[in-house]
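Everything below concerns the one structure shown next.
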2 protein chains.
Amino acid sequence: MSVTIKDVAKKAGVSPSTVSRVLSNHPRISRETSRRVKDIMEELGYHPNIMAKSLVSKTTESICVILPKPAEELFLNLFFMELIRGIVAQANRAGYDVLISSGGNEKEEVEAVSRLLHGRRVDGAILLYSRQDDPVVNFLKTHDYPFVLVGRSDSYPDILSVDTDNVQAAYDATRHLIAQGHERIGFVSGPPNLVVSKDRLEGYNRALSDCGIAMRKDWIVEGEFLQDSGYRAMSFFMNLPERPTALVIVDDIVSFGVLRGLHELGYKVPEDVSIISFNNISLTELSTPPLSSVDIGIYNLGYTASQALIQNIRHDGSSVLPNRYVIPHRLMIRESSMYSMPRSL
Amino acid sequence: MSVTIKDVAKKAGVSPSTVSRVLSNHPRISRETSRRVKDIMEELGYHPNIMAKSLVSKTTESICVILPKPAEELFLNLFFMELIRGIVAQANRAGYDVLISSGGNEKEEVEAVSRLLHGRRVDGAILLYSRQDDPVVNFLKTHDYPFVLVGRSDSYPDILSVDTDNVQAAYDATRHLIAQGHERIGFVSGPPNLVVSKDRLEGYNRALSDCGIAMRKDWIVEGEFLQDSGYRAMSFFMNLPERPTALVIVDDIVSFGVLRGLHELGYKVPEDVSIISFNNISLTELSTPPLSSVDIGIYNLGYTASQALIQNIRHDGSSVLPNRYVIPHRLMIRESSMYSMPRSL
DNA sequence: GTGAAAGCGCTAACAT
DNA sequence: ATGTTAGCGCTTTCAC
């Protein structure tokens, strides 16, 4: 079979415990034996059995990330992949492995998480979404397993989470449009039950209010994270007797629909309508015209989530760790909002 | 600590081995004890320790997928996520966990794979790319670990792999354009060192040749998997004294660049130039006009890779398993190629 | 600074 | 049909 700690010990003329100590860089081991043992390891092609180690040490040095059920929405795929990259990069750096799991439905998800955590295959979990009353979260909380939420959930305000300040992000985006001279600004939102839609809408409202611009209900339309939503929103907006001259749009993909709708209706971006949206997926720079977007640092979100989780796993409880991380966002201004409204308005 | 097999055994008044047998549905266990033991498990909240099990059974029921170093190219993110979904879905169905790993460079990649396989943390690996002389492949081959390649590599013809028949796919795409009446068909290729570029170019050539259309070197341009490539290709093509009326494009993202270039130069798609590309990423239907594309079944590619790998891991060697899986592709004809050339040409 | 021994939680002969 | 026993490969007291 494969070479074990005993083989190395025998060949090196030391005891298995010594080899083990060399492995973990135990302080009280002589430079010389350490050197010799390491050479033998190399020579024999020894590799520690991770399972055996983890059986006794009761730690797996792995975390899992739970993918929500099939994300139909395209942007989610880009979003998740970017997130996963960040998670994996940081985890690997910290010596942790990342296990991906997904369930067809909530029940399966809980089963998977339960098997993984209870079965001591992973030390903690990262959740990539926030639902209202999530059985997975409940499970994790009940059993006091370390976990982190990417996103924000009103149901669980005290949970370890990393998130974007969506209120502020929307505020900034709206202020940008106002700074360009716009006063008639509409908002194309996502599903109203999603925290992210709510937050962004709030930021939009605050910006208007701070600038003394009245909010107009008919300039706010709800939809989904699909381009079709944006497309339909345009036939609605552009049929209004009073039309907005600028739009804040909840997501880049929706913007693509908006762009298409506007194009078909014969309006020019940014001259007739300026737009800015969120997430800054790589396609934004490729569209015609390139789309202004709020970069929310997705990779960073994942990286930080992983870091926070691992920190919590390793934490001995002697100090108190933060339980909310806010990843900074940044406006990426491109052509779609680079147009100053004529003063005459 | 947490409840073990012994606790269950004691409470149920049986031996640990009996409990173990219940766990694995051993045939020679009485209906009655099985029932009782299972109840006790439930009652005590018992969960098998996966590490302990895997230490003795010498099987981890996990596989790992190796992400190539940072994929700058956007489409790769979509591609990988879709692939991963397929892999995870099938693996979970088969009772396997999926571990994601990535390395900053080739050396790190080998180290990661080596740690995972030698350390007995996973039973096999999925590689998502094919390089010319890949140290990871060499490692895996040398040590005879089960692994599967998504893609094709000329350097390793005998390796377990799942792939698209890119020659045929390009052949079909080209024939489609020919069927629309085109005879002046150009090809926008990707990096010439990539197998996929080579294969698609070959399919294109074969289709032309089968239809008695002469291949024209100046209508073939190489680039990268970036929209910019497509964009630049257009200024080239459209300055030619004789211009193609249709284009086969190596990837959807490149097509977006082509679309943009054509638009800026004042050409209409599909009337002036018809185009079709590959991969059918979800954005193809959203572009203006919607893009014809060859769907290569990315999810299926992942699903099959996972299936093939697990089959190989479990395989006892008594029969011979296939070592190459070809995932069927399918033309998705949309507006960008829905234009029949006037007879008068 | 190093060794001996016990045991992590489980499975798998070998008994009976 | 079930119990007994012996490890899987490693870490970790406790000695010296």
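Model, not experiment: these values are computed from the prediction. So that the names make sense, note that chain A is the first sequence line, chain B the second, and so on, each numbered from 1.
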_Going by the rule salt bridge (charged side-chain N to carboxylate O under 4.0 Å, His left out), which residues pair with Asp144(B) if we only count those two or more places apart in sequence or in a different chain?_
none
_Non-neighbouring partners of Lys6(A) that pass salt bridge (charged side-chain N to carboxylate O under 4.0 Å, His left out), sequence neighbours left out_ = none
Whole-Å gap separating [atom2] ([N]) and [atom1] ([X]):
X: Arg120(B); N: dC10(D); atom1: CZ; atom2: P; result: 10 Å
X: Leu44(A); N: dG9(D); atom1: CG; atom2: P; result: 14 Å
X: His118(B); N: dG9(D); atom1: NE2; atom2: P; result: 14 Å
X: His26(A); N: dC10(D); atom1: NE2; atom2: P; result: 18 Å
X: Asn49(B); N: dC8(C); atom1: CG; atom2: P; result: 12 Å
X: Met51(B); N: dC10(C); atom1: CE; atom2: P; result: 13 Å
X: Ile29(B); N: dT11(C); atom1: CD1; atom2: C1'; result: 13 Å

*Looking at DNA chain C, which of residues 30-39 of chain A put a heavy atom within less than 4.0 Å of it?*
Ser30(A), Thr33(A)
*Please check the phosphate of dG9(C) (OP1 and OP2 only) for any side-chain N or O of Thr4(B) closer than 4.0 Å.*
no
*Check whether any side-chain nitrogen or oxygen of Lys58(B) sits under 4.0 Å from OP1 or OP2 of dG9(D), and answer yes or no.*
yes
When you compare the side chain of [Y] with that of [X], does any pair of heavy atoms fall below 4.5 Å?
X: Cys64(A); Y: Val98(A); value: no
X: Arg115(B); Y: Asp97(A); value: yes
X: Asn138(B); Y: Val136(B); value: no

Distance only, no hydrogens: is a donor on one side chain within 3.5 Å (strictly under) of an acceptor on the other, for [X] and [Y]?
X: Asn300(B); Y: Tyr325(B); value: no
X: Ser30(B); Y: Thr33(B); value: yes
X: Ser57(B); Y: Thr59(B); value: no

*What does the inter-axis angle of the helix from dG1(C)-dC16(D) to dT16(C)-dA1(D) come out as, five pairs per end, nearest 10 degrees?*
30°
*Scan for ring-ring contact (aromatic ring centres under 6.0 Å, His included) pairs involving residues 83-127 of chain A, sequence neighbours excluded, and state none if there are none.*
His118(A)-Phe139(A), His118(A)-His143(A), His118(A)-Tyr145(A), His118(A)-His47(B)
*Base, sugar-phosphate, or nothing: which does Gly13(A) touch, judged by heavy atoms less than 4.0 Å apart?*
sugar-phosphate
_For a quick check of understanding: with a heavy-atom distance under 4.0 Å over all strands, which category does Leu55(B) fall into, base, sugar-phosphate or nothing?_
base
*Are Lys107(A) and Glu111(A) close enough for a salt bridge, meaning some N to O gap below 4.0 Å?*
yes
*Nucleotide-resolved protein contact map, nucleotides 11-16 of chain D, B/S/- at heavy-atom distance under 4.0 Å*: BBB---
*Could you walk me through whether Asp39(A) and Arg35(A) pass the salt bridge (Lys or Arg N to Asp or Glu O under 4.0 Å) test, one step at a time?*
CA-CA 6 Å; Asp39(A) 284 348; Arg35(A) 198 50 275 137; 3.1 Å; yes
